[in-house]
Amino acid sequence: MKTEIKKITPESIREAKKILLDGGVVGIPTETVYGLGGNAFDDGAVKKIFEVKGRPNDNPLIAHVHAEYDLSRIIDYDPPYAAALRKAFLPGPLTLVYPSTGKVSPYVSCGLNTLAVRIPAHEGAQALLKEMDIPIVAPSANLSKHVSPTSAEHVYEDFEGKIPLILDGGECVGGIESTVCDVTGEIPVILRPGLITREMIADMVGACGEYTPDLKKGEKVKSPGVLYKHYSPRCRTALFTVEETDKASSLIEQECARGTKVAVLAEKDVLQTFEKENVVFLDLGETEKEMAARLYGLLREAEKVCDFMIAIEPKKTDGVMKGVLNRLRKACVSVDIEH
Ligand code: TXA
Ligand code: MG
């Protein structure tokens, strides 16, 4: 199969629509990362997404709809605080998890009794969703476990020959995936951190919890995606805190002496404390937004330019950085976490 990248235009949107209505899968831009879209009502299309991505079949998908979509077509329970969150943050990088009503394909939620719904802010995504007027499920458009894509070229790298079309909507401005927030209970509970932070949600509706599964107790995981090794560049990786830069430096020295091609990924001022000779600098930048937007592109660059990426955790760990750190730590774990 030939994979085409096409800039978003009314014509390419019509082409994508045709493929999607025929049960096919299309690469689509959003403001967070690119998605691998399929018709949420079509069992075959949803199964195809899992297949081409190599995604484990216990990790559910997010349904994407346009801003004026009538949500009562797919959900019925909608607490007032969820409506308040939609009003405050959507369209935008926030996914809400509602009790499911069984209207979309059962393969979307992988046996969970909930459905995740997102209204992306990206203009091109909105235009496509409006043209479709049906929910489009879309996981991030990367092969399972690989780094998420923030450009059409990233999607091409992972799915050339496997999907017919990638809609090019430019570089993603957000850079890390949406915040996933459960709205089935008394208060919202964050299942995956992202650009809309716990503090922002709590400020808006009074309270916001954060979910961490207690796996030792054998608890069934609410958001299976949080468990996997993920976002990983295809090179060796090691992760250090800023307090451990000495350790990182001696490791770099050791590895360089053995002839390893090493890259260091860190925020700008920390990066400057390292010797540039022999190593590639992967500069995360300075602001929270910059670090979120650059992370995945740099992780993809790492696998191209080095054999070993040594990453230093950013100093700031709250707010948006919680999401950035969450991704960076998972990118650098060396083994899959069993569950
Ligand atoms: O920004 C994003 O959310 C991107 C763009 C393409 O929209 N999509 C994305 O999808 O990140 P994916 O499939 O890579 O991640 C979806 C996450 C996973 O961690 C999954 O476990 C969780 O959302 N999820 C999906 N449905 C869920 C549900 N019903 N209950 C709990 N978690 C759910
Ligand atoms: Mg993903």
Side-chain angles (χ1 to χ4, degrees), residues 25-38 40 46 49-50 52-65 74-75 89-102 104-122 124-126 128-129 135-150 154-155 158 166-167 169 172-185 188-196 211 213 220-232 292 296 323 326-327 330-331 339:
V25 171
V26 172
I28 57 175
T30 82
E31 75 279 22
T32 55
V33 300
Y34 274 71
L36 202 58
V46 180
I49 290 176
F50 281 90
V52 288
K53 218 180 125 76
R55 184 177 178 100
N57 62 9
D58 63 351
N59 192 9
L61 305 181
I62 298 172
H64 297 66
V65 295
I74 49 171
I75 56 159
F89 300 117
L90 300 185
L94 174 67
T95 295
L96 299 179
V97 175
Y98 304 88
S100 67
T101 52
V104 299
S105 163
Y107 296 103
V108 172
S109 291
C110 304
L112 296 178
N113 56 6
T114 50
L115 174 67
V117 183
R118 161 155 148 72
I119 304 173
H122 190 286
Q126 277 294 321
L128 174 71
L129 292 168
I136 297 297
V137 282
S140 50
N142 51 283
L143 288 169
S144 194
K145 297 189 183 151
H146 195 213
V147 182
S148 296
T150 52
H154 291 163
V155 183
D158 282 17
I166 300 163
L167 291 179
C172 302
V173 292
I176 59 170
E177 298 86 346
S178 62
T179 304
V180 178
C181 181
D182 180 297
V183 296
T184 63
V189 176
I190 291 188
L191 304 179
R192 176 177 72 182
L195 295 169
I196 306 291
Y211 174 72
K220 193 166 183 320
V221 178
K222 273 200 188 166
S223 191
V226 299
L227 285 180
Y228 299 111
K229 174 186 166 97
H230 233 113
Y231 322 115
S232 301
Y296 288 144
N326 164 277
R327 304 326 191 263
K330 275 193 228 176
H339 70 284

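These numbers come from a predicted model, not from an experiment. Atoms within a ligand are numbered from 1 in the order they appear, just like the ligands themselves.
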Next item on the list: Can you sort out the partners of A63 under side-chain contact (heavy atoms from CB on, under 4.5 Å), two or more places apart, ordered by chain and number?
Entry: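 For A63, the residues satisfying side-chain contact (heavy atoms from CB on, under 4.5 Å) (neighbours in sequence not counted) are L115, P135, V137.
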Checklist line | Partners passing side-chain contact (heavy atoms from CB on, under 4.5 Å) against P99 (at least two apart in sequence or in another chain) | finding: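 With neighbours one apart ignored, the set is Y77, T184.
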Measuring only between side-chain heavy atoms, which start at C-beta, is [X] closer than 4.5 Å to [Y]?
| X | Y | answer |
| --- | --- | --- |
| P29 | H122 | yes |
| P91 | P120 | no |
| T32 | I176 | no |
| C181 | L94 | yes |
| T30 | C172 | no |
| N142 | D158 | yes |

Taking distance alone, with N or O pairs closer than 3.5 Å, would you say [X] contacts ligand 1?
| X | answer |
| --- | --- |
| Y34 | no |
| E177 | no |
| T30 | no |

Notebook entry, point to check: Under 6.0 Å between the ring centres of Y107 and F50?
Noted result: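 No, the ring centres sit 6.0 Å or more apart.
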Ligand 1 versus [X], non-hydrogen atoms closer than 4.0 Å: side chain, backbone, both, neither?
| X | value |
| --- | --- |
| D182 | neither |
| V180 | side chain |
| E31 | neither |

Please list, in number order, the atoms of ligand 1 under 4.0 Å from a heavy atom of [X].
| X | result |
| --- | --- |
| R118 | 1 (O), 2 (C), 3 (O), 5 (C), 7 (O) |
| N59 | 18 (C), 20 (C), 21 (O) |
| S178 | 1 (O), 2 (C), 3 (O) |
| G35 | 6 (C) |
| A116 | 25 (C), 26 (N), 27 (C), 29 (N) |
| T114 | 28 (C), 29 (N), 30 (N) |

Next item on the list: Could you tell me which residues satisfy side-chain hydrogen bond (donor to acceptor under 3.5 Å, both in side chains) with S178, sequence neighbours excluded, listed by chain and number?
Entry: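 Testing S178 for side-chain hydrogen bond (donor to acceptor under 3.5 Å, both in side chains), a comparison that skips the adjacent residues, returns T95, R192.
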Next item on the list: Tell me, please: is A138 in heavy-atom contact with ligand 1, that is, under 4.0 Å?
Entry: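 It does; at least one heavy atom falls under 4.0 Å.
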Margin query: Check this for me, if you would: do E177 and K330 make a salt bridge, where the nitrogen-to-carboxylate-oxygen distance has to be below 4.0 angstrom?
Written below: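 A salt bridge is absent here (no side-chain N lies under 4.0 Å from a carboxylate O).
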Next item on the list: Under 2.8 Å from the Mg ion (ligand 2), which protein N, O or S atoms are there? Could you list them by chain and number?
Entry: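 Under 2.8 Å from the Mg ion (ligand 2) - ignoring waters, which are not counted - the protein N, O or S atoms are S140 OG.
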Checklist line | Rounded distance [0.5 Å steps], CD1 in I190 versus OH in Y211 | finding: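 Reported value, rounded in 0.5 Å steps: 14.5 Å.
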